[in-house]
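Below you'll find the structure I mean.
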Amino acid sequence: MSNSPKSPHPVLSRFYAHREEREEFVSGLFDETASHYDRINALFSLGTGGRYRRQMLHKAGLRAGQNVLDVAVGTGLVAREAMAIVGAEKVTGLDMSFGMLQQCRHSLPISLVQGNAMSLPFADGSIDFLSMGYALRHVADLQQTFASYHRVLKPGGRVLILEISRAEHKIVQKLLQFYLGRVVPFLSGVAASRASRRLMDYYWDTIDHCVSYQEIMAAMEAAGFQDVRCDVALGIFRAYMGRV
């Protein structure tokens with residue numbers, strides 16, 4: 001594996017000036033918008049909700065009796081579906097945003113840990129299944145993140161990463177740009193807060209500038225994951241899966 005960092009997208013200068021400022025910016029933005037997140041997520045998700053998340057968890061290999069680490073747990077949207085499969089006592093959520101953890105604590109009876117995806121505070125080979133929902137674009141280094149995931153998973157352990165990507169069809173991409181790049185930020189500002197609009201503006205820029213799904217799969221394979229694959233829904237929702 002190369003020692004040079006592999007960022008999911010370049011520095012987005014209208015939000016932060018230097019790569020080193022990304023983590024503080026992202027954490028602060030999510031802290032500020034945590035109480036509004038579920039409301040704006042309903043606009044952002046384009047109808048893909050709990051049913052889709054649970055289907056992908058099953059498809060990636062999650063089974064009763066396994067323990068689950070949900071990275072970037074946020075308000076618990078993926079963790080809630082994992083909990084329905086394995087039970088609350090088997091699910092742990094991790095997030096770098098204290099505000100998001102507070103919101104999750106109000107709604108889900110799971111263990112919660114504040115931490116960073118790139119240096120997970122868990123023992124080697126201690127996790128059966130690791131999930132991450134729509135947050136891979138917010139890490140600083142794909143290679144370091146996937147290496148951390150691989151380290152904590154047991155032999156045979158599975159990973160599921162849900163993401164949204166640029167559409168391959170130009171017309172679909174134009175529609176996506178209009179809806180996620182303009183409509184959703186505007187509605188988020190009206191229905192929630194000015195910070196929520198900024199969050200959705202940031203979301204669109206990370207999608208628009210994100211590396212290709214092929215590069216994400218290659219980074220997973222470079223970290224040691226096997227049987228790496230990517231399911232796609234509606235041309236933009238991607239579910240990356242692999243095993244240790």
Side-chain angles (χ1 to χ4, degrees), residues 1-8 20 22-23 26-27 30 53 56-74 76-83 85-98 100-101 104-105 108-163 211 215-230 238-244:
M1 186 186 302
S2 171
N3 290 325
S4 58
K6 178 65 175 177
S7 298
E20 295 75 18
R22 180 197 310 222
E23 184 174 324
V26 172
S27 182
F30 278 104
R53 296 183 190 101
M56 291 303 102
L57 287 167
H58 279 300
K59 192 165 188 176
L62 181 60
R63 300 291 181 266
Q66 295 180 325
N67 67 330
V68 178
L69 173 62
D70 186 43
V71 179
V73 65
L77 298 176
V78 176
R80 180 177 288 106
E81 303 309 319
M83 191 176 74
I85 298 171
V86 302
E89 71 282 356
K90 290 286 189 176
V91 180
T92 298
L94 176 140
D95 207 294
M96 66 179 180
S97 165
F98 182 71
M100 285 292 186
L101 291 174
C104 189
R105 185 171 289 113
L108 295 183
I110 63 173
S111 299
L112 294 172
V113 177
Q114 188 169 15
N116 192 307
M118 297 189 300
S119 54
L120 295 172
F122 299 94
D124 295 2
S126 60
I127 306 296
D128 292 311
F129 191 100
L130 188 149
S131 59
M132 184 184 213
Y134 307 106
L136 187 65
R137 289 168 287 111
H138 307 319
V139 304
D141 187 344
L142 292 175
Q143 293 175 328
Q144 191 174 341
T145 298
F146 291 145
S148 180
Y149 290 2
H150 193 277
R151 177 186 64 79
V152 302
L153 283 166
K154 297 176 182 178
R158 306 272 177 166
V159 63
L160 169 68
I161 299 167
L162 301 176
E163 251 315 337
V211 298
E215 290 174 87
I216 292 173
M217 293 174 70
M220 291 177 68
E221 291 172 342
F225 284 101
Q226 303 176 45
D227 298 332
V228 174
R229 62 193 190 279
C230 176
R238 296 190 178 274
Y240 300 93
M241 307 175 199
R243 66 174 178 86
V244 173

Stepwise side chain to side chain contact (heavy atoms under 4.5 Å, CB included) check, E215 with K6: CA-CA 10 Å; E215 290 174 87; K6 178 65 175 177; 2.8 Å; yes
field: side-chain contact (heavy atoms from CB on, under 4.5 Å) partner of S131, chosen from V71, I161, V159, D70
entry: D70
statement: Between A64 and V86, the two heavy atoms sitting closest are CA-CG1, 4.2 Å
field: Residue pair F129 / V91, side-chain heavy-atom distance below 4.5 Å
entry: no
message: Test your reading of the model: is there a side-chain donor-acceptor pair from R151 to the backbone of S119, 3.5 Å cut-off?
response: no
field: Atom of R229, atom of A60 and distance for their closest heavy-atom approach
entry: NH2-CA, 4.3 Å
- prompt: For the side chain of S148 and the backbone of L120, is there at least one donor-acceptor N/O pair under 3.5 Å apart?
  reply: yes
message: Give me each pair satisfying salt bridge (charged side-chain N to carboxylate O under 4.0 Å, His left out) with a member in residues 85-96, each pair once, sequence neighbours excluded.
response: none
- line: Separation between OG1 (T145) and CE (M132), nearest 0.5 Å, reads 6.5 Å
query: Is a donor on one side and an acceptor on the other found under 3.5 Å between the side chain of R105 and the backbone of I110?
result: no
- prompt: If you take all heavy atoms of Y134 and E163, which pair is closest and at what distance?
  reply: C-OE2, 3.5 Å
- prompt: Considering only heavy atoms from C-beta outward, does the side chain of V26 approach that of M96 to under 4.5 Å?
  reply: yes
statement: When rounded to the nearest 0.5 Å, the distance separating CE of M118 from OH of Y149 is 10.0 Å
- prompt: Do the side chain of S7 and the main chain of D141 share a donor and acceptor less than 3.5 angstrom apart?
  reply: no
field: Heavy-atom pair of closest approach, residues G76 and L108
entry: O-CD1, 3.5 Å
- prompt: Do E221 side-chain atoms and Q226 backbone N/O form a donor-acceptor pair below 3.5 Å?
  reply: no
- prompt: Looking only at heavy atoms, which two atoms of M217 and C230 are closest? And how far apart?
  reply: SD-CB, 3.7 Å
message: Whether the side chain of Q114 engages the backbone of L101 through a donor-acceptor N/O pair (distance < 3.5 Å, no angle test) should be reported.
response: no
field: Distance in Å, M220 CE paired with H150 NE2, rounded so as to fall on 0.5 Å steps
entry: 10.0 Å
- request: Let me see the working for L136 and L142 under side chain to side chain contact (heavy atoms under 4.5 Å, CB included), right down to the final yes or no.
  value: CA-CA 8 Å; L136 187 65; L142 292 175; 3.7 Å; yes
statement: Closest non-hydrogen contact found for R63 with H58 is NH1-O, 3.1 Å
query: Roughly how far, to the nearest 0.5 Å, is the CG atom of L57 from the CE atom of M241?
result: 9.0 Å
task: Look up atom CZ in R243 and atom CZ in F225, then write down how far apart they are to the nearest 0.5 Å.
output: 11.5 Å
Gap separating the CZ atom of R137 from the CD1 atom of I216, nearest 0.5 angstrom: 9.5 Å
- prompt: Tell me, which pairs form a salt bridge (charged side-chain N to carboxylate O under 4.0 Å, His left out) where one or both residues lie in residues 125-135, sequence neighbours left out?
  reply: D128-K154
